[in-house]
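To start, the structure itself, in structure tokens.
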Amino acid sequence: MHDDRRITEVRLDRFLRERITPAIYTRTTPLALTSWDVPDEPVPVMEALRQEFLPQEHGAPWGKPWGTKWLRLQGEVPDSWGTAPDTEVEIVVDLGFTTEIPGFQCEGIAWRPDGSIVKAISPRNQHIPLKLLGSGMAVDFYVEAAANPDVAQGWSFAATPYGDKATAGTQSQYRLGSIAIAELNRTVWELQQDVWTLSGLMHELPTELPRRHEILRALERMMDVIDPDDVAGTAAAGRAALAEVLARPAYASAHQLLATGHAHIDSAWLWPVRETIRKCARTFSNVVALMDEDPEFVFSCSSAQQLAWIKEFYPELFARIREKVSSGQFVPVGGMWVESDTNMPGGEAMARQFLEGKSFFLDEFGVECREAWLPDSFGYSAALPQIVKAAGSQWFLTQKISWNQINRMPHHTFNWEGIDGTRLFTHFPPVDTYNSELSGRELAHAERNYRDHGHGTVSLVPFGYGDGGGGPTREMLAAARRTADLEGSPKVRLGTASSFFEQAQAEYTALPVWVGEMYLELHRGTYTSQARTKQGNRRSEHLLREAELWCATAAVRSGGQFAYPAAELKRLWRLVLLQQFHDILPGSAIAWVHQDAERNYAAVAKGLEAVIGQAAEAALGEGNEEFLLNAGPHARDGVPALAAAPAIRPVESVRITAQDGGFVLDNGIIRAVLDDNGLLTSLRDHAGGREAIAPGQFGNHLELHRDTPNEWDAWDIDEFYRRNVTSLTEAASVRLEQPGPDAVVVVERLFGASRITQRITLAAGSAALGISTEVDWQEREKLLKLGFPLDLRADRSAAETQFGHVFRPTHVNTSWEAAKFEICAHRWIHVAEPGYGVAIANSSTYGHDVARNIRDDGGTTTTVRLSLLRAAKFPDPEADRGRHVLDIWIRPGAGIAEAVEEGYRANLAPRTVKGGHPVEPLFSVDNSAVVIEAVKLAEDGSGDVIVRLYESLGKRSAGRITANFAATGVRAVDLLERPVDAPGVAAGRDAAELTLRPFQLVTLRFAR
């Protein structure tokens, strides 16, 4: 037989494109249009409907970037339309869509004249069934059209002005397409779906397989029997030609795919939060409309914040969603406030993501999510398994690790073991996308790619347009029905994520184990991009700690005179949690998003400072005596942890000696030598007497690298950045500030168009040298690092993560280690050899790198560098330009315990207030290894006190926590403050005896 396969396949492509698809709508008639352009920001529907609508020309250009146009569509359905068998009347609205995927261009939502939502309009979902308008044969409704610009620009990563309203301009972005009443031929539409599914399957089958050729010949017969001049009249015959190949059942051993509807809507990214709110309304209105048509359709919705927006701004739609939750079709998943980053949020913030998310779903829908759902975050902290389990959840899903540049994860279904030993059932969908269309290519890839064949038989497929929203379409549901039992294809079944996890867990019992973090070998620049956003996050987390502690203290100590501001604290927490979304905190969003974030952080700081001030006044009473509020978990300046008392300042001041144009600073605890360029040539602790700086080298070493990643500018740092570096060693000036209790050396450096002013401080009584780096940053595509070459042989570094720390090798024996050339740390990083270590703490920096080399003298230099600033050009071409202040502290002769303490000190600045009397801490702990992370009042308003603590040193630790108030009982609870059994916790009336495993997290409830 001659091989005409390619000829037939090309014929099929054209036949589908030019014959079948245009015949879906047999006839159309245009609608009359009027419009109103919103002057600036979007307005509520009823405000828009009150405006004067003027005649609107079909095909006209419209839409300045980020603008909104309201269209009124009016007309009458012609007699007899939709009365013939298999025909329906729809409205088709083309706003000027491009071929790009939905969510990254213009989009719209249809409204009835009474202000109720119909459904959304997007590039691959342009239809509105007439029956949804509820107006008989008359057509009269509105479309709210959003002129969201194409910021991605084909993913060229070119600088764009569209990410900031101030630079986006006013030029029209789109031109209206066809807006008409149309008669849908259901048979032709079904034929199109048959062809799409079979063609997609055929192209994935090996040419040696008979099944591929059977499908090809059936498609060929379909084309032969359909009259291209009368597709509608012969479509039934075409479907009949395909019926046999569509009816062939799947192989008995075919992989099973549980398909759950999904729309991964980024809460902000290449659009601002205000647009995300509308994207959610569009997507969710599509979803509930599809549910009305197909009762088997199930949709998984992961972010409580997004549903909270719908409740606030679209209450009618929220009521419809509630109904679908009750029917089991609209399924909350994930249990988090937003799909957050997991590398950088602090421990308490990560806990609050689950507390706020799960509580919202329970309160609004009576649903408890059992899975954590983070398909797109940029790597996963090794602390996450314990936090997920502590929230009462039992499963975890992600997809992002499939983006690894170098190494491939060895499993798709496995147990993930965290830093404390907690194991969490985890699944990576082998389809390698969270935006599946259920195409033949995607389904075949999922089956071929699945790494657990022979052990498991099922994987998950989230389907629906995401990132910018859109969600599932009727075409995707048609594909799911056709692939439910189809020879050559995996078996597709619609269902919930929980049904997948239950099946997978039941059949796959001898699970492999992955230990430690799931490091994403990509997007390493997100630890550093948009430094102001990261600084706002860190500051907000610690202000919230202070506010809750002092409010709880005031509520308990004032005998009920101080009202705990629960609602205000919850509001501020939720605002901070929103900023931790995985494109906001990582710094990978447009300028508009980060401008909003900075305004939000300023508002959070203002609100929390007011709350702290009120609580301190209530707790200390009136008076003029100065007190230090110590919100840290360690004593400070003679004030116990969590207490307020007069500070005891060091008596001796710092000795300062001029030396060779530089200075020697010595406070009796450590000694630092700065040369005439302000470089740190020596750092010793007097207790051990050992030199920390490697021979012939210097710390406080600023280095400027070329930073031009291959793609994903704000996201990525590529390894080759190291090959181009400028050492910024020359100082414009080095001077000593006026003498005081602390020694301060000021160093100024100039480079490019930028200026650096460093204040190097040795405080009296301090075991750490502080370096505050103020930068007027005017660079582009550069990376600024601050390094310390240390004279010690560290085979691993310890970096703080949530409720503990994670070790990472400093060598690169394997590709897995080599890939971690940039790592994330929270408040501190520590390197050590047996008997000696150095800790470096920071107030807002997350990106680090640690390397080592052997010197000529045989010794080892371990170099720790902090990534201070970047200057990416996409998606924000002005990212990070301007003034920054970045603070670090380096502590020689430090162990892990000292690193933990230094991290808290670096982030909880001393707070001095006036009052009438000291305040005893609410709690005392007799072992410093057990660290109190949060003190607050219970969520239920009972007045009970909640304390969250963890073992901080990575070893078994015993201790006792005692309430210094009249407690009537202690219980271990989960993150949602529900009673649980906690290993190692023996609770009494006002105290608990603790025997904690390494990094164990415990939440206790003290009844009052």
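The residues of the chain are indexed from 1 along the displayed sequence.
Here Glu447 pairs with nothing under the salt bridge (Lys or Arg N to Asp or Glu O under 4.0 Å) rule; sequence neighbours left out. In this view, Arg448 and Glu204 satisfy the salt bridge (Lys or Arg N to Asp or Glu O under 4.0 Å) rule, not counting sequence neighbours. For Tyr519, the ring-ring contact (aromatic ring centres under 6.0 Å, His included) criterion is met by no residue, not counting sequence neighbours.
Using the six-membered ring where Trp is involved, His412 and Tyr450 have ring planes that are parallel, under 30° apart on the 30 and 60° scheme. Between Trp269 and Phe104, the ring-plane angle classifies as perpendicular under the 30° and 60° cut-offs.
With salt bridges taken as basic N to acidic carboxylate O contacts below 4.0 Å, none links Asp485 and Arg493. With respect to the salt-bridge test (charged N to carboxylate O, under 4.0 angstrom), the residues Glu9 and Arg212 qualify. A salt bridge links Glu368 and Lys358; the closest N-O separation between the charged side-chain nitrogens and carboxylate oxygens is under 4.0 Å.
Side-chain atoms of Ser381 come within 3.5 Å of backbone N or O of Ala383 as a donor-acceptor pair. Put simply, the side chain of Ser459 never gets that close to the backbone of Pro429: no donor and acceptor are under 3.5 Å apart.
No option in Phe463, Trp373, Tyr465, Phe297 other than Trp373 meets the ring pair (Phe, Tyr, Trp, His ring centres under 6.0 Å) test with His262.
Ring centroid separation for the pair His427 and Phe500 comes in under the 6.0 Å cut-off.
Side chains of Asp716 and His523: a donor on one and an acceptor on the other come within 3.5 Å.
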